[in-house]
2 protein chains.
Amino acid sequence: MPCPPWWHGKFRDCGCRMTIPRQAVIDVLTATSEHLSAEDIYFEVHKVYPAIGLTTVYRTLDLLAQMGMVFKFDFGDGRSRYELVEGTKKHHHHLVCTNCGRVIDYSDFIEEEVKLFNQVEKALSQKHNFEITAHQVQFLGRCNNCKGGNNR
Amino acid sequence: MPCPPWWHGKFRDCGCRMTIPRQAVIDVLTATSEHLSAEDIYFEVHKVYPAIGLTTVYRTLDLLAQMGMVFKFDFGDGRSRYELVEGTKKHHHHLVCTNCGRVIDYSDFIEEEVKLFNQVEKALSQKHNFEITAHQVQFLGRCNNCKGGNNR
DNA sequence: CCTCTTATTGACAATGATTTTCATTTCCGC
DNA sequence: GCGGAAATGAAAATCATTGTCAATAAGAGG
């Protein structure tokens, strides 16, 4: 299941080309529902195209983030995580365990949050003359495993 | 204006000692309203106590974050930023320009957001058996300077 | 105020994610 | 198919953050 052809146009629109490595990265992102790091993605890509290098994966992810097609997250473990904006998963926010690093997606209460955010976005973008393209929400704390437990 | 004495107790409560370097870091964090990086803080500390090393600044910030006295942020520029939880500034959220990295604090619409978050926090912590201690909200986009402009 | 235990420190080395460099290869409009 | 620009890969470079370890200092108890 190669990535849909409309990507081709997306790239052309910003003066970029569609290439095998880029397809490969998009395919991996499309197929997963997890928060993959650049290296994770590299490993997956590598299974199918061993010639593709980690550098290219980084460059592709950077480009996709610039294009607004990919979210780049930081969950505090020293590596960035990437997620397709138009992925299989619906829009969601994150619960991050500051002890073990576990990340839980939730989308249960999103609707009200998003409703409020739309208002806030509008007001903020006017007040600060700011063009808002995305938002990130994280709740930080301790997951059930780490709750009463020892640190780290 | 040295940092208030109640910090002393805070440290003792977790088996830690109050030291000159820790005071110095806290003093810098108290005095600023910006989002300082570890190195920024190191430079400030260095003006008063040239003997204090960067390593110690990192360790202190880490400790303060563990204690929940300091927020640690990532605005996507590859370095962490630190902010006192009980600082001079009231609770706020962030607008981050993905082009130039500028960060704008806002607290105008916080009240409604926080009200909603309190509900969401309660529901989430029950559903996922998660002990929530903090939240982070960022709006991403382009600031007025970068709006129509060239990339990077 | 002195002592002793233990947390803390600082200099330096090490790590590890991300970037840069540059010669080579690939895309794609013509 | 051709050519020039865009993209790639390998290796080196960067740079924030962390680990090591011997030397130092905090502070509880005497």
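Proteins come first, then strands; the chains are lettered A, B, ... in the order of their sequence lines, and each starts at number 1. These numbers come from a predicted model, not from an experiment.
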Kindly assign one of parallel, tilted or perpendicular to the pair [X] and [Y], based on the angle between their ring planes and the thresholds 30° and 60°.
X: A:His94; Y: A:His92; result: perpendicular
X: B:His93; Y: B:Phe117; result: tilted
X: A:Phe71; Y: A:Phe73; result: tilted

Check your understanding: Quick one: which of D:dT8, D:dG27, C:dG29 gets closest to the side chain of A:Arg22?
Key -> D:dT8
Rounded distance in Å - [atom1] ([X]) to [atom2] ([N]):
X: A:Tyr42; N: C:dT18; atom1: OH; atom2: C1'; answer: 15 Å
X: A:Asp74; N: C:dT18; atom1: CG; atom2: C1'; answer: 13 Å
X: A:Phe43; N: C:dA17; atom1: CZ; atom2: C1'; answer: 13 Å
X: B:Arg17; N: C:dT5; atom1: CZ; atom2: C1'; answer: 8 Å
X: A:Arg79; N: C:dT15; atom1: CZ; atom2: P; answer: 16 Å
X: A:Tyr49; N: C:dT25; atom1: OH; atom2: P; answer: 20 Å
X: A:Ile20; N: C:dT25; atom1: CD1; atom2: P; answer: 17 Å
X: B:Asp13; N: D:dG27; atom1: CG; atom2: P; answer: 13 Å

Review point. Given B:Lys127, which of A:Asp108, A:Ile104, A:Leu95 fulfils the side chain to side chain contact (heavy atoms under 4.5 Å, CB included) condition?
Key: A:Asp108
**Study point:** Most 5' of A:Thr60 and B:Thr19 on DNA chain D, judged by nearest nucleotide
**Key:**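 Per heavy-atom nearest nucleotide, the more 5' residue is A:Thr60.
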**Study point:** Most 5' of B:Tyr58 and B:Cys16 on DNA chain D, judged by nearest nucleotide
**Key:** B:Tyr58
Check your understanding: Ignoring hydrogens and angles, are the base of C:dG10 and the side chain of B:Arg59 linked by a donor-acceptor pair under 3.5 Å?
Key ->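 Such a pair exists between side chain and base.
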Check your understanding: Looking only at N and O atoms, is any donor in the side chain of A:Thr55 or the base of D:dA11 less than 3.5 Å from an acceptor on the other one?
Key ->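 Present.
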Exercise for review: Go through A:His91 and A:His135 one step at a time and tell me if the side-chain contact (heavy atoms from CB on, under 4.5 Å) criterion holds.
Suggested key: CA-CA 11 Å; A:His91 184 62; A:His135 65 248; 3.1 Å; yes
Review point. Checking all strands, does A:Ser80 fall into the base, sugar-phosphate, or nothing category for heavy-atom contacts under 4.0 angstrom?
Key: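 Sugar-phosphate contact only - A:Ser80 comes under 4.0 Å of backbone atoms but never of a base.
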**Study point:** Short side-chain N/O contact to D:dG27 OP1/OP2 from B:His8, under 4.0 Å
**Key:**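 Looking at the OP1 and OP2 atoms of D:dG27, one of them is under 4.0 Å from a side-chain N or O of B:His8.
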Check your understanding: More 5' along DNA chain C: B:Pro50 or B:Met18, using each one's nearest nucleotide?
Key ->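 By nearest-heavy-atom nucleotide position, the 5'-most residue is B:Met18.
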